[in-house]
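Lettering of chains follows the sequences in order, A, B, ..., and the numbering in each one begins at 1.
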There are 2 protein chains.
Amino acid sequence: MNHNRFLEYIKPYISLTSEEEKFLMTKVVVRNYLKNQYIVQQGDVCKSANFIISGCTKTFYIDLEGNEHVVMFSVEDWWASDLGSFITQAPADFNVQCLENTQLIQFSYENLEELYVQIPKLERLFRKIIERAFVASQKRIIRNFSLDAKERYLIFKNTYPKIDKRVPQYLIASYLGITKEFFSKIKSQLVQKE
Amino acid sequence: MNHNRFLEYIKPYISLTSEEEKFLMTKVVVRNYLKNQYIVQQGDVCKSANFIISGCTKTFYIDLEGNEHVVMFSVEDWWASDLGSFITQAPADFNVQCLENTQLIQFSYENLEELYVQIPKLERLFRKIIERAFVASQKRIIRNFSLDAKERYLIFKNTYPKIDKRVPQYLIASYLGITKEFFSKIKSQLVQKE
DNA sequence: AAATTATGTTAATCTAGTTTAACTTTTATT
DNA sequence: AATAAAAGTTAAACTAGATTAACATAATTT
């Protein structure tokens, strides 16, 4: 029944027969992680594509100075993997860590390759998912260049109101590319205006 | 013969029979643009996926203050489209303009959909291409947050030495997210160190 | 309930990068 | 060849955001 969430998720993209759905289910693993556990560690190979059934993760990078930079947050119906590491099976640049207890559906690299062969429609599914992710990523680059931190925060808050309330504020600051101190300043300015 | 460049390009990803190659060729158009011409205009729908045979383009965004922000450069063997507009067939956020006379292979939206049906391997091809593009885009976001402008420029110069020499410097500044004046300062600092 | 530890705020000082403006060099156009 | 337009440089004044540091308020752990 935990698979259902994934099967619902893919319906707007492709339709599978019930046999295909059953076969797919035999090729995935449902796994539970506790808050603060790592799903992927920088330097290790990301062995599975992870779909979130419940919970919340941060994907982040520790730079050479030891500073943490949040690349993305993932919640229900989204993915939490180091895709670069997964597709090349090379060491990960990013960490993925649980911000809450999190339940995942995991596609191992080998099983997903097999699924692509057995159910070619899945190529289409993942093509479409990644197309959208790429477009969002490009737009974020542009926003980072053309908007100041306050504007970026307002867009974030509007786009992901649940995440804004759900994760520690210093991680949102990191996602926005600013320090927690400056983020604090921005928020107090926004409160005063109301 | 202009198709050959594309057929070579896809070989690392998928292998097509010669019938498939021929069919594919009937579904694309080769088109020539002059320097400064627009392939895609912000506000219009991006009607085709464009593969560059020769030439060079910039993909850019004009913000509300009228400032230009370069999202990417594209040269031979790369793509020059507003993918977000193409996949949704909604108005483009970005412009794509030729920096040189440019020859393209164009896949119209309808023809590409048909190609996906007739040659399902193409789903795999485009999945893999976009996976890589997404990974590169994520890494760029992180670099923009964790490195200063000088470091970003050195990485750009190393990664795309040809582009560095091929396009106007003020566009590279825009791609790096800095002003042309500050870019000029950085470069003179780098020259002095040698 | 006390004590840690994690998270959040405020304010002073500092800096990477912007803005403005004047100037130089290169490239296109007549 | 002359002129205009586009691209690139330099320098002074300025600002968004970083840094440092001290403090405040949750949230956990003992």
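Across the protein-nucleic acid pair, B:Q97 atom CD and D:dA6 atom P stand 12 Å apart, rounded to whole Å. Summarising the geometry, the separation between CD1 on B:I186 and P on D:dT10 is reported as 13 Å, rounded to the nearest angstrom. Between A:K150 atom NZ and D:dA18 atom C1' there is a gap of 17 Å when expressed in whole angstrom units. Remark: C1' of D:dA6 and NZ of B:K35 are 10 Å apart, rounded to the nearest angstrom. The NE2-C1' distance, from A:H69 to D:dG17, rounds to 15 Å in whole Å. The interatomic distance linking A:E68 (CD) with D:dA18 (C1') rounds to 17 Å, in whole Å.
In this structure, B:K185 fails the cation-pi test against B:F182, since its NZ or CZ atom is not both closer than 6.0 Å to the six-membered ring centre and inside 45 degrees of the ring normal. Both tests do not hold together for A:R166 against A:Y160: distance to the six-membered ring centre under 6.0 Å, angle to the ring axis within 45°.
For the residue pair A:Q42 and A:N95, a side-chain donor N or O sits within less than 3.5 Å of a side-chain acceptor on the partner. For the residue pair B:K187 / B:Q169, a side-chain donor-acceptor distance below 3.5 Å is found, with atom types taken as modelled. A donor-acceptor contact closer than 3.5 angstrom links the side chains of B:N50 and B:Q106. At a cut-off of 3.5 Å, with distance as the only test, a side-chain donor of B:D164 or B:Y153 sits close to an acceptor on the other residue.
Under the side-chain hydrogen bond (donor to acceptor under 3.5 Å, both in side chains) criterion, A:N101 pairs with no residue, sequence neighbours left out.
Less than 4.0 Å separates DNA chain C from at least one heavy atom of each of the following residues of residues 170-182 of chain B: B:G177, B:I178, B:T179, B:E181, B:F182.
Here the closest non-hydrogen pair linking B:W78 and B:F73 is CD1-O, 4.5 Å.
Read 5' to 3', the first and last nucleotides of DNA chain C with an atom closer than 4.0 Å to a heavy atom of chain A are C:dT7 to C:dT10.
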